[in-house]
Amino acid sequence: MKILRHLLVSLSLLLPLAAHAQAIQVTDAMGRQVELPGPAKRVVLAQARHFPVLALVHPDPAGIVAGWSDEFKTSFANEYENYLKRFPQLASVPVVGRHTADTFSVEQTLALRPDLVVLTAAFAGLTPGQDAGDSPLIQRLTAARVPVIVIDFFVNPLENTVPSLRALGYAVGEQARTDEFIAFYEQHMKGIAQRLADLPEGQRPPVFVHAHAGSTDCCNSPGAGTFNDMISYAGGHNIGADVLKSSTGKLNFEYINSRAPLVYVATGTGSGKRTSSGLRIGTGVTPEQARASLQAIIDGNRLQALPAVRSGNSHGIWHAFNDSPLHMIFIEALAGWIHPDRFQDVFAAQTLQEVNERFLTVPMEGTYMIDLKDGPAQSAAAR
């Protein structure tokens, strides 16, 4: 009896140690040290656009989402329907707001008993370089003892993607899977950089990225940061960055023509309010539909005289590669369009197919990049 009692006492002393050993500490995109008692099983995504990112690092993302915003259902409706076929329970995930911070309900979030809330610095009301302690949203959540991690694939994607992936993947207990994807991501990003390492500054051709093409008056373009960093990484010069000091803005017809871009890239999501007039691309779209849509946008915006259009160096790509670690696919495609001589054996569509096969529980099926002229270079549909 004494021996049994001694064993029970010993076990009771060891249990707290075992629980502590399972604790997880991560460093988010702001450099914050965040500790979780164990892998997060009830995650709230302040912006549901990050659900596919969660799907890269977790085999059952629907099983751990306790709440999200409504934007995956609205702005990415085609992708949502695709995931819904595999995970019907997504239809009943509680909505805690739209994709803006002013609609986010802390009360509804806390009522869901989350063990992790995922958001961005901008969503938390923070400007670059500002301390996280200045965010009332983060303060309220941490005061309620809810771990919060800040991720970023948009403001400074080239620096923050890896730490954001690591923080998210480790927080949900998927270290090995996350490390595998990070290695894959870094391999492709380094491969692009190496091929352009000796590129003279004077050999960066002018590039016009027509953001959300056709859905607004001519013509939205990236300015500083975000897509601009990706265009530079791919060896091009973003004509929008010369006049737009914000992340996005509008270029007029005369300016675009005066800059004579040698590469034209239209972007779109293929769903939401922009579907009727915007670029048809993404989930469920055929190459023929995407190409016809791209031609209609060029014609409708009177861009036929651009050197990029006359030479056939005009393309369409899925806008949602932005704000995702899959921006490596956008950069790889863009590098091939800008410097085809240096990327003859690199195909972004093949990279996407490998992501489908190795990482995504729900593969991306449709057309995510297209050339105006039918050809084998980058135009391909993911299956």
Side-chain angles (χ1 to χ4, degrees), residues 75 99-100 122 128 154-157 201-282 290-323 327 330-331 333-335 337-339 369-373 378:
S75 298
H99 64 283
T100 55
F154 180 76
V155 176
N156 195 355
E201 194 62 30
Q203 292 184 19
R204 291 178 173 268
V207 177
F208 173 37
V209 171
H210 190 179
H212 295 297
S215 61
T216 64
D217 294 336
C218 187
C219 291
N220 282 346
S221 166
T226 58
F227 271 138
N228 179 60
D229 294 341
M230 300 179 198
I231 295 167
S232 297
Y233 198 95
H237 178 81
N238 171 27
I239 65 170
D242 295 329
V243 291
L244 301 173
K245 302 311 174 186
S246 57
S247 60
T248 60
K250 187 171 289 189
L251 304 178
N252 63 43
F253 178 79
E254 291 73 20
Y255 174 78
I256 296 168
N257 275 273
S258 71
R259 293 304 305 274
L262 298 179
V263 184
Y264 170 82
V265 181
T267 79
T269 61
S271 61
K273 295 179 180 179
R274 297 183 170 104
T275 306
S276 59
S277 58
L279 182 68
R280 290 197 66 186
I281 201 157
R291 186 172 292 110
S293 172
L294 176 60
Q295 184 67 65
I297 287 168
I298 291 172
D299 294 343
N301 289 276
R302 300 178 297 145
L303 301 175
Q304 303 95 324
L306 295 182
V309 177
R310 294 201 311 267
S311 68
N313 202 354
S314 299
H315 318 272
I317 198 162
W318 193 50
H319 190 92
F321 284 134
N322 182 36
D323 206 358
H327 61 237
F330 172 85
I331 296 174
L334 193 58
W337 295 329
I338 298 173
H339 298 285
M369 60 204 80
I370 196 72
D371 301 324
L372 183 62
K373 291 188 175 180
Q378 293 289 6

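Each residue takes its place number in the sequence, starting with 1.
- Taking both residues in full, the closest heavy atoms of Val209 and Ile231 are given as CG2-CD1, 3.4 Å, listed atom of the first, atom of the second, then distance.
- Of the possible polar contacts, none joining the Ser215 side chain to the Gly278 backbone as a donor-acceptor pair under 3.5 Å is found.
- When every heavy atom of Gly316 is checked against every heavy atom of Leu279, the shortest pair comes out as CA-CD2, 4.0 Å.
- Looking at heavy atoms from C-beta onward, Leu244 lies in side-chain contact with Leu251 at the 4.5 angstrom threshold.
- Put simply, the side chain of Arg259 reaches to within 4.5 Å of the side chain of His237, judged on heavy atoms.
- Checked against a 6.0 Å centroid threshold, the rings of Phe227 and His319 count as neighbours.
- With contacts defined as side-chain heavy-atom distances shorter than 4.5 Å, the pair Ser75/Thr269 does not qualify.
- Residues His339 and Pro205 form a side-chain contact, since some pair of their non-hydrogen atoms from C-beta on lies under 4.5 Å apart.
- Remark: Cys218 SG to Arg302 CZ distance equals 7.5 Å, nearest 0.5 Å.
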Candidate pair Tyr264 and Leu294, rule side chain to side chain contact (heavy atoms under 4.5 Å, CB included), full reasoning: CA-CA 11 Å; Tyr264 170 82; Leu294 176 60; 4.1 Å; yes
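- Between the side chain of Arg310 and the backbone N or O of Ala305, at least one donor-acceptor pair lies under 3.5 Å.
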Chi angles and distances behind the side chain to side chain contact (heavy atoms under 4.5 Å, CB included) call for Leu262, Asn313: CA-CA 7 Å; Leu262 298 179; Asn313 202 354; 5.6 Å; no
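- Rounding to the nearest 0.5 Å gives a distance of 9.5 Å between CG of Asn252 and OH of Tyr255.
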Full working for side chain to side chain contact (heavy atoms under 4.5 Å, CB included) between Phe253 and Asp217: CA-CA 10 Å; Phe253 178 79; Asp217 294 336; over 6 Å; no
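- Taking the side chain as every heavy atom from C-beta outward, Phe321 and Met369 approach each other to under 4.5 Å.
- Taking CD1 from Ile370 and CZ from Arg291, the interatomic distance works out to 4.0 Å, rounded to the nearest 0.5 Å.
- Counting all heavy atoms, side chain and backbone alike, Gly223 lies closest to Ala241 at O-CB, 3.8 Å.
- Aromatic rings from Phe208 and His210 are positioned such that their centres are separated by under 6.0 Å.
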Side chain to side chain contact (heavy atoms under 4.5 Å, CB included) assessment of Ile256 paired with Ser221: CA-CA 10 Å; Ile256 296 168; Ser221 166; over 6 Å; no
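- The nearest pair of heavy atoms linking Pro206 to Ile239 is CB-CG2, 3.7 Å.
- Atom OG of Ser314 is separated from atom CD1 of Ile298 by 4.5 Å, given to the nearest 0.5 angstrom.
- Side-chain contact between Val207 and Asn238: absent, with no pair of heavy atoms (C-beta onward) separated by less than 4.5 Å.
- In plain terms, the two heavy atoms of Asn228 and Pro222 that are nearest each other are N-CB, 4.3 Å.
- Heavy atoms only, all atoms of each residue included: Pro157 and Met230 are closest at CG-CE, 3.8 Å.
- Between the side chains of Asp371 and His315, at least one donor N or O lies within less than 3.5 Å of an accepting N or O.
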